[in-house]
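Everything on this sheet refers to the single structure shown next.
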Amino acid sequence: MVLLDNNFSSIIVAIENGRLVYDNLKKVILYLIPAGSWSELIPILSNFLLGIPLPLSAFLMIYICVLTDMFPSIAIMFETPESDLLKRPPRRPDQDRLVNFKLLRHAYLFTGLMETLISHCMFFYYLQEYGNIKVKDILLAFNNWSPEHLGKTQQELDDLHYTAQCVTFVTLVMLQAFGNLLATRTRRLSVLQHPPWAEPSRNLWLYGAQCCSVGLALLAIYLPAFNNIFNTRHVPVQFWFIPIGGALFILAADETRKYYCRKFPLGLISRLAW
C-alpha cells in the first residue's frame with residue numbers, strides 16, 4: 001500500500017473500497033444466476049423429462065442473459081457500502097471465494113427456486129386461461145402437442161405456445177427487475193435500512209436499470225421484426241402486472257431471511273446465509 005497524502009485515514013477508505021468492490025461483484029453474480037441459468041435450465045429439463053412444450057425459447061433465454069439483465073447488473077456495481085461492511089472480519093484469501101457454496105445455494109435453492117416456480121405457474125396459467133389447456137393435458141405430452149390430441153389447429157397451438165413462452169419471459173424479467181434486484185442489494189440489511197432512494201445508500205441507477213429492463217422486454221414482445229423472426233407474441237396486459245406480486249413475494253422472503261440473520265447472528269439461518 002502506497003500512502004500518497006500522508007493521511008492515515010485514507011487507509012480506512014482504501015479498505016472500505018476494496019471490500020465494496022468485492023461485495024458488489026458477489027451481488028452481481030448472485031443477481032445473474034437465478035434467471036440466467038437456473039430458471040432457464042429447468043424449462044429445458046421439464047421439456048426433456050416431462051414432455052412439456054418448451055416454456056422458454058432459446059432466443060428469449062439469450063435475450064434475458066445478454067440484454068434485460070445487463071443494466072440491473074451494472075446498477076448493482078454502483079451500490080454504496082452497507083453500514084456493517086467494515087465490521088465484518090477480514091476475508092481469508094485461502095478459504096473465502098468470490099463464488100462459494102453458500103452463494104450458489106442461495107442463488108439456486110432460494111431465489112432461483114422461487115423464480116422458477118412462479119414463472120412456470122404463469123406459463124401453465126396462460127395456457128389454461130386462454131387455451132383451456134390444463135396441466136394434465138401437457139404433462140408427459142411429448143409428441144401429443146398436436147391438433148389430434150388437443151382439438152385445436154396447429155396455428156392455434158403454435159400461437160398459444162409462443163405467447164405462453166413470452167409470458168414466462170415477461171415473468172422472469174419482472175421478477176428479476178423488481179424482486180431479485182432489490183433483494184440482492186444487501187446481505188443483511190433491510191431495504192428500509194439501506195434504501196435506494198435516500199442518502200447515504202441512494203442508488204438512482206437502479207430505477208434507470210429497471211426501466212431499461214422492462215423497455216427491452218417490450219421491444220422483444222411487441223416489435224414486429226421480433227414477432228416475425230423469433231416467434232414472439234403480444235402478451236395480455238395482466239401478465240405484466242401479476243408477476244409484480246411474485247417479485248414482492250421474493251423481496252418479502254429475503255427480507256424475512258435478513259431479519260432472522262440480524263436477530264440471531266449465531267443461528268442456523270445466519271450460518272447458512274451467503
Side-chain angles (χ1 to χ4, degrees), residues 28-70 72-73 99 101-129 131 133-145 157 160-181 183-184 213 217 220-221 230-233 235 239-240 242-251 253-254 257 272 274:
V28 169
I29 295 169
L30 187 63
Y31 170 79
L32 291 173
I33 288 177
S37 62
W38 188 240
S39 298
E40 296 176 354
L41 173 63
I42 296 301
I44 296 174
L45 292 179
S46 64
N47 172 254
F48 177 71
L49 299 175
L50 302 177
I52 298 169
L54 192 62
L56 195 64
S57 70
F59 165 71
L60 293 176
M61 292 180 188
I62 295 172
Y63 201 89
I64 290 175
C65 294
V66 176
L67 291 176
T68 59
D69 272 351
M70 177 178 64
S73 61
V99 177
F101 182 72
K102 289 184 176 182
L103 185 142
L104 293 176
R105 180 174 54 208
H106 182 94
Y108 286 110
L109 300 181
F110 186 72
T111 307
L113 190 59
M114 288 188 287
E115 288 194 1
T116 300
L117 291 174
I118 294 170
S119 60
H120 274 68
C121 285
M122 295 299 292
F123 176 81
F124 294 127
Y125 174 64
Y126 172 81
L127 289 178
Q128 180 170 324
E129 189 73 12
I133 299 176
K134 299 178 175 60
V135 176
K136 65 178 182 178
D137 297 327
I138 57 176
L139 190 63
L140 302 178
F142 292 103
N143 293 330
N144 292 340
W145 181 263
L157 289 176
L160 283 170
H161 185 202
Y162 295 149
T163 308
Q165 288 181 331
C166 291
V167 167
T168 305
F169 165 74
V170 167
T171 301
L172 286 174
V173 170
M174 301 301 281
L175 293 178
Q176 283 285 93
F178 296 95
N180 188 19
L181 179 62
T184 306
S213 189
I221 299 301
F230 299 108
N231 290 322
T232 58
R233 294 292 185 270
V235 171
F239 290 97
W240 286 93
I242 296 175
I244 294 179
L248 294 177
F249 175 80
I250 291 174
L251 181 60
D254 200 59
R257 178 191 68 84
L272 294 175
W274 67 283

I'd like to know if the side chain of T232 reaches the main chain of A220, judged simply by a donor and an acceptor atom lying under 3.5 Å from each other, with no hydrogens or angles considered.
yes

Is there a donor-acceptor pair under 3.5 Å between the side chain of S119 and the backbone N or O of T168?
no

Would you say F142 has more than 12 foreign heavy atoms packed within less than 6.0 Å of its CZ?
yes

Please report whether the ring centroid of F239 lies less than 6.0 Å from that of Y125.
yes

Approximate separation, where rounding is to 0.5 Å, of C121 SG and I242 CD1:
11.5 Å

So, for Y126 and L160, which heavy atoms are closest and what is the spacing to 0.1 Å?
CE2-O, 3.6 Å

Looking only at heavy atoms, the pair that brings Y31 and Q176 closest together is O-NE2, 3.1 Å

Distance, nearest 0.5 Å, that separates OH of Y63 from CE of M70:
9.5 Å

Interatomic distance, N180 atom CG to L30 atom CG [nearest 0.5 angstrom]:
6.5 Å

Over 60° means perpendicular and under 30° means parallel, so tell me whether W38 and Y108 are parallel, tilted or perpendicular.
perpendicular

Carboxylate-amine/guanidinium contact R257 D254, below 4.0 Å
yes

Please tell me if the side chains of F110 and M114 come closer than 4.5 Å, counting only heavy atoms from C-beta onward.
yes

Provide the closest heavy-atom pair for L172 versus S39 in the form atom of the first, atom of the second, distance.
CD2-CB, 3.7 Å

Heavy-atom pair with the smallest gap, counting every atom of A107 and P34
O-CG, 3.7 Å

Is there a side-chain contact between W240 and V235, using heavy atoms and a 4.5 Å cut-off?
yes

Heavy-atom check, side chain of L272 versus side chain of R105, under 4.5 Å
yes

Can you check whether E115 reaches I250 side chain to side chain, under 4.5 Å on heavy atoms?
yes

When rounded to the nearest 0.5 angstrom, what is the spacing between CG in L139 and NZ in K134?
14.5 Å

What distance separates E40 CD from L45 CG, expressed to the nearest 0.5 Å?
12.5 Å

Check the pair I133 / L157 against side-chain contact (heavy atoms from CB on, under 4.5 Å), numbers first and verdict last.
CA-CA 10 Å; I133 299 176; L157 289 176; 4.2 Å; yes

Intermediate values then yes/no, side-chain hydrogen bond (donor to acceptor under 3.5 Å, both in side chains), D69 and S73:
CA-CA 6 Å; D69 272 351; S73 61; over 6 Å; no

Can you tell me how far CD1 of I44 sits from CD1 of I52, rounded to the nearest 0.5 angstrom?
13.5 Å

For the residue pair L175 and P243, what are the closest heavy atoms and their distance?
CD2-O, 3.5 Å

Any side-chain heavy-atom pair from I221 and F169 closer than 4.5 angstrom?
yes

Check side-chain hydrogen bond (donor to acceptor under 3.5 Å, both in side chains) between H120 and all other residues, then give those that pass, not counting sequence neighbours.
none

Locate the shortest heavy-atom distance separating A247 from F178; write the atom from each residue and the value.
CB-C, 3.7 Å

N/O donor-acceptor pairs under 3.5 Å from side chains in residues 54-61, not counting sequence neighbours:
unit_1, atom_1, unit_2, atom_2, d
S57, OG, L60, N, 3.3

